[in-house]
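Notes for the one structure printed next.
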Amino acid sequence: MKSLEQLPLPLLEWYRDNARTLPWRSDPTPYHVWISEIMLQQTRVAAVLDYYRRFLEELPTVQALAAVEEDRLLKLWQGLGYYNRARNLQKAARTIVEDFGGRFPDTYEAILSLPGIGEYTAGAIASIAFGRPVPAVDGNVLRVVARITGDRGDIARPETKSRMRAALLSILPQSMPGDFNQALMELGATVCLPNGAPLCRRCPAHAFCAARIGERTGELPVKGGKAARRVEERTVFLIFFENRVALRRRPARGLLAKLWEYPNEPAPAPCPVEAAALADGPAGKHIFSHIEWRMRSVVVQAAGPELPPGWVWADGEALRAEYAVPNAFRSFAKAVEERLK
DNA sequence: AATTCGGGGTC
DNA sequence: GACCCAGAATT
């Protein structure tokens with residue numbers, strides 16, 4: 001990894017001049033860094049900005065996060081995805097309040113022990129918020145290192161990841177590890193782009209990057225895997241009674257756990273309530289990482305207010321402000337709103 | 001080591 | 001379509 005040794009100085013200089021202005025950088029308290037890092041897991045900066053602002057506005061402290069109602073927390077997370085992140089955030093907040101006296105733990109090992117925090121996030125928080133000299137190796141960093149060093153190892157494999165992490169640890173500037181880690185990610189996000197289209201002319205590693213010199217940026221990094229996606233046909237029931245719509249809570253474990261949904265079943269499925277009228281509603285499609293839902297909908301005028309146990313009637317205001325409904329059902333939002341007026 | 005967990009931007 | 005994103009937890 002000889003070429004990596006030349007990286008720190010030009011990288012830090014580049015970062016000083018090119019760092020984006022991001023809300024979690026203006027006041028990098030451990031709480032701010034933590035919330036931002038969890039939201040940013042597998043999620044682009046642009047998608048996080050509004051959620052981050054709303055979240056900190058309502059839950060400005062670890063104590064507030066520890067105490068908030070779970071349904072309110074899910075509502076704040078609605079649409080961001082990977083909802084276990086929100087639940088783990090609260091578990092960790094309660095651990096911090098109860099076991100750490102409300103003070104965020106300040107060592108890599110203690111941070112790593114918290115729910116929802118793995119090697120990457122522990123390294124990010126420890127280095128950015130506490131100045132600890134540990135690497136933070138995310139997807140951006142793996143791509144940058146693979147290209148600069150010309151490493152053909154599969155970056156999806158733990159062995160490749162740990163090799164690159166060790167190489168980074170050996171060159172990590174002890175004085176400013178947080179800036180170095182952020183600079184590497186920033187470089188990956190804005191210059192050393194995926195899809196074989198990096199902006200090498202703007203790169204501080206231009207002179208010594210193995211992939212650029214060898215014209216192999218299109219072949220690096222090497223990444224295997226890609227599980228096939230299964231398709232599920234589902235029927236969604238948009239059930240109305242007197243300007244309200246029926247919702248039910250999803251199971252506590254698994255996909256979209258504990259979020260609210262319009263009742264739906266694998267197609268074909270019979271109407272789950274006594275109906276005064278039935279009509280076809282809009283179709284919808286939603287693509288998860290590992291599943292594709294192809295949905296048709298049925299608009300149901302319920303014969304009465306009776307619902308199966310656990311289901312609820314929601315009016316337009318409750319639907320907007322109270323119930324966390326995942327974006328998988330966004331195709332039906334307009335049709336539902338129309339009938340709740 | 002492989003799968004499960006969302007959702008959206010980008011090519 | 002395919003890839004990827006400031007990944008972690010579970011199996």
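Basis for what follows: all heavy atoms, side chains included, without hydrogens, waters or symmetry-related copies. Per chain, numbering begins at 1; letters A, B, ... match sequence-line order. Note that the coordinates shown come from a computational prediction; the quantities given were computed from them, not determined experimentally.
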Check: Are any of Asn140(A)'s side-chain N or O atoms less than 4.0 Å away from OP1 or OP2 of dA6(C)?
Finding: yes
Notebook entry, point to check: For Glu292(A) and dT4(B), what is the distance between atoms CD and P respectively, to the nearest whole Å?
Noted result: 16 Å
Next item on the list: Would you indicate what Leu80(A) reaches in the nucleic acid, counting non-hydrogen atoms under 4.0 angstrom: base, sugar-phosphate, or nothing?
Entry: base
Next item on the list: May I ask you to verify whether the side chain of Ser289(A) and the base of dG6(B) hold a donor-acceptor pair under 3.5 Å?
Entry: yes
Note to self: Between Ala47(A) and Asn195(A), which residue's closest nucleotide on DNA chain B lies nearer the 5′ terminus?
What the structure shows: Ala47(A)
Margin query: When the P atoms of dT11(C) and dG6(B) are compared, how many Å lie between them, rounded to an integer?
Written below: 15 Å
Checklist line | Proximal nucleotide (of dG6(B), dG7(B), dA6(C)) relative to the Asn327(A) side chain | finding: dG7(B)
Next item on the list: Please determine, for the side chain of Tyr82(A), which listed nucleotide (dC3(C), dG7(B), dG6(B)) has the closest atom?
Entry: dG6(B)
Margin query: Using atom P in both nucleotides, what's the gap between dC3(C) and dT3(B) to the nearest angstrom?
Written below: 15 Å
Notebook entry, point to check: Between Asn84(A) and Arg87(A), do the side chains contain an N or O donor and an N or O acceptor separated by less than 3.5 Å?
Noted result: yes
Margin query: Does Ala328(A) reach a base, just sugar-phosphate, or nothing at all? Heavy atoms under 4.0 Å.
Written below: sugar-phosphate
Notebook entry, point to check: OP1, OP2 of dG7(B) versus side-chain N and O of His286(A): anything below 4.0 Å?
Noted result: yes
Next item on the list: When you get a sec, tell me which of dG7(B), dG7(C), dT3(B) is the closest nucleotide to the side chain of Asp138(A)?
Entry: dG7(C)
Check: Taking atom types as modelled, is there a side-chain donor on Thr149(A) or Arg163(A) under 3.5 Å from an acceptor on the other?
Finding: no
Next item on the list: Check each of Phe55(A), Phe104(A), Tyr52(A) against Trp34(A) using the ring-ring contact (aromatic ring centres under 6.0 Å, His included) test, and report the only one that passes.
Entry: Phe104(A)
Margin query: Do Val222(A) and Leu193(A) land in one hydrophobic cluster if side-chain heavy atoms of ILVMFWY residues count as linked below 4.5 Å?
Written below: no
Item checked: Touch class at under 4.0 angstrom, heavy-atom based, for Val48(A) against every strand present -> nothing
Next item on the list: Determine the interatomic distance between P on dA6(C) and the same-named atom on dC11(B); round to the nearest Å.
Entry: 14 Å
Item checked: Euclidean distance, atom CZ of residue Arg230(A) to atom P of dT3(B) [Å, nearest integer] -> 12 Å
Note to self: Can you tell me if Arg25(A) has over 12 outside heavy atoms packed within less than 6.0 Å of its CZ?
What the structure shows: yes
Next item on the list: Could you tell me the separation between the CD1 atom of Ile155(A) and the C1' atom of dC4(C), rounded to a whole number of Å?
Entry: 10 Å
Check: Roughly how many Å is it from CG in Leu49(A) to C1' in dG9(B), rounded to a whole number?
Finding: 14 Å
Next item on the list: Would you classify Arg87(A) as touching base, sugar-phosphate or nothing, given that sugar-phosphate means primed atoms plus P, OP1 and OP2, and contacts are heavy atoms under 4.0 Å?
Entry: nothing
Notebook entry, point to check: Taking the side chain of Ala227(A) as its heavy atoms from C-beta onward, which of dG7(B), dC5(B), dT3(B) lies nearest to it?
Noted result: dT3(B)
Next item on the list: Would you indicate which nucleotide in dC5(B), dC4(C), dA1(B) comes nearest to any side-chain atom of Pro158(A)?
Entry: dA1(B)
Check: Applying side chain to side chain donor-acceptor pair (under 3.5 Å), which residue pairs with at least one partner in residues 268-283 of chain A are found, sequence neighbours left out?
Finding: none
Check: Is there a donor on the side chain of Arg85(A) or the base of dC5(B) sitting less than 3.5 Å from an acceptor on the other?
Finding: no
Note to self: Nearest to the Arg44(A) side chain among dG7(B), dG8(B), dG7(C), which nucleotide is it?
What the structure shows: dG8(B)
Next item on the list: Using atom CG of Leu199(A) as one end and atom P of dT10(B) as the other, report the distance to the nearest whole Å.
Entry: 14 Å
Next item on the list: Would you indicate which nucleotide in dC4(C), dG8(B), dA6(C) comes nearest to any side-chain atom of Lys223(A)?
Entry: dC4(C)
Note to self: Categorize Trp293(A) for me: base, sugar-phosphate, or nothing, with a 4.0 angstrom heavy-atom threshold over every strand shown.
What the structure shows: nothing
Check: When all nucleic acid strands are considered with a 4.0 Å heavy-atom cut-off, which category describes Arg157(A): base, sugar-phosphate, or nothing?
Finding: nothing
Margin query: Which is more 5' along DNA chain C, the nucleotide nearest Lys91(A) or the one nearest Leu40(A)? Just name the residue.
Written below: Leu40(A)
Check: Do the side chain of Thr43(A) and the base of dG6(B) come within less than 3.5 angstrom through a donor-acceptor pair of N or O atoms?
Finding: yes
Checklist line | Nearest-angstrom distance from the residue atom CG of Leu193(A) to C1' of dT10(B) | finding: 10 Å
Notebook entry, point to check: Nearest of dA6(C), dG8(B), dT4(B) to any side-chain atom of Arg330(A)?
Noted result: dG8(B)
Checklist line | Whole-Å distance separating the CD atom of Glu119(A) from the P atom of dA8(C) | finding: 8 Å
Check: In whole angstrom, what separates Leu255(A)'s CG from dT10(C)'s C1'?
Finding: 15 Å
Note to self: Applying side chain to side chain contact (heavy atoms under 4.5 Å, CB included) to Ile287(A) and Arg229(A), what does each step give before you reach the verdict?
What the structure shows: CA-CA 9 Å; Ile287(A) 299 177; Arg229(A) 180 182 300 127; 3.4 Å; yes
Item checked: Closest nucleotide among dG7(B), dC5(C), dC5(B) to the His290(A) side chain -> dC5(B)
Notebook entry, point to check: Which nucleotide in the set dC4(C), dG7(C), dA6(C) lies at the smallest distance from any side-chain heavy atom of Gln42(A)?
Noted result: dG7(C)
Next item on the list: Tell me yes or no: between the side chains of Thr160(A) and Asp154(A), is some donor less than 3.5 Å from an acceptor?
Entry: no
Margin query: Mind checking if Arg25(A) touches a base, just sugar-phosphate, or nothing, with heavy atoms under 4.0 Å?
Written below: base
Notebook entry, point to check: Contact class for Ile125(A) (heavy atom, under 4.0 Å): base, sugar-phosphate, or nothing?
Noted result: nothing
Note to self: Taking any heavy-atom pair under 4.0 Å as a contact, classify Gly188(A): base, sugar-phosphate, or nothing.
What the structure shows: nothing
Next item on the list: Looking at every strand, decide which applies to Ser36(A) at a 4.0 Å heavy-atom threshold: base, sugar-phosphate, or nothing.
Entry: nothing
